[in-house]
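No hydrogens, no waters, no symmetry mates; every other heavy atom, side chains included, goes into these values.
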Amino acid sequence: QLQASGGGLVQAGDSLGLSCAVSGRTKPLDAPSSCMGWFRQAPGKEREGVASSSASDGSTSYERSVKGRFTISRDNAKNTVYLQMSDLTPEDTAIYYCAAAPGLVAPPLTLPSVYNTWGQGTLVTVSS
């Protein structure tokens, strides 16, 4: 299972860190052998990919609007994936989800359906 946490209410310009704890003994749920992604869904909008991390080498990919502000990382020893967000804006307000995908290279962020394991979301609200 995936357990996301860390959401909350912040002000524009603030930083916030999200965590996604990966549990389970069946691959691909083990974080080191899974590609991990963070997605978000704002009210009235479709779910969009935010950041991903490949299992092969930890290489990362970011959605254009968050590049330079968000950082995805993983601690394989703790089986946890993180999303550090900085310089938040009200447009970042959404429910954030972590997801896992099998394979070595993270699927494109535009293909959330390829991620086959999802956690419950955590709400991030950015006030202006």
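Here OG1 of Thr117 is found 6.0 Å from CG of Leu2. Values are rounded to the nearest 0.5 Å. The CE atom of Met85 lies 8.0 Å from the CH2 atom of Trp38; values are rounded to the nearest 0.5 Å. In this structure, Asp92 CG and Ser65 OG are separated by 6.5 Å, a value rounded to the nearest 0.5 Å. Taking CE from Met36 and OG from Ser52, the interatomic distance works out to 11.0 Å, rounded to the nearest 0.5 Å. Rounded to the nearest 0.5 angstrom, Gln84 CD and Ser19 OG are separated by 9.0 Å. Taking NZ of Lys45 as the reference point, atom CZ of Arg40 lies at 8.5 Å (rounded to 0.5 Å).
Legend: ring pair (Phe, Tyr, Trp, His ring centres under 6.0 Å) pairs involving residues 89-128, not counting sequence neighbours, sorted by first then second residue: Phe39-Tyr115, Phe39-Trp118. Under the disulfide bond (SG atoms under 2.5 Å apart) criterion, the residue pairs touching residues 48-118 are Cys20-Cys98, with sequence neighbours excluded.
Residues that satisfy the salt bridge (charged side-chain N to carboxylate O under 4.0 Å, His left out) test with Glu91, not counting sequence neighbours, are absent from this structure.
When only modelled atom types and interatomic distance are considered, Ser127 and Gln11 share no side-chain donor-acceptor pair under 3.5 Å. In the model, Arg69 has no side-chain atom that pairs as donor or acceptor with a side-chain atom of Ser86 under 3.5 Å.
Residues Gln120 and Gln3 are in side-chain contact: their nearest non-hydrogen atoms beyond the backbone lie under 4.5 Å apart. Using a 4.5 Å heavy-atom threshold, the side chains of Tyr82 and Ile72 count as separate. Contact check for Val22 versus Thr80: no side-chain heavy atoms found under the 4.5 Å cut-off. The side-chain heavy atoms of Thr125 and Leu123, taken from C-beta on, include a pair separated by under 4.5 Å. Residues Leu109 and Ser61 form a side-chain contact, since some pair of their non-hydrogen atoms from C-beta on lies under 4.5 Å apart.
The hydrophobic cluster containing Tyr62 also contains Val50, counting ILVMFWY residues as joined when their side-chain heavy atoms lie under 4.5 angstrom apart, directly or transitively. If you chain together hydrophobic residues whose side chains sit under 4.5 Å apart, Leu16 and Val66 fall into the same group.
Panel note: side chain Arg74, backbone Asn79; no donor-acceptor pair is recorded below 3.5 Å.
Shown here for Pro90 and Ala12, the closest heavy-atom pair between the two residues is CD-CB, 4.2 Å. Minimum interatomic distance between Leu104 and Ser54 (heavy atoms only, all atoms of both residues): O-CB, 3.4 Å. Minimum interatomic distance between Thr93 and Val126 (heavy atoms only, all atoms of both residues): OG1-N, 2.9 Å. Of all heavy-atom pairs spanning Val124 and Leu18, the tightest one is CG2-CD2, 4.0 Å. Nearest heavy atoms, Cys35 versus Pro107: CB-CD, 4.2 Å.
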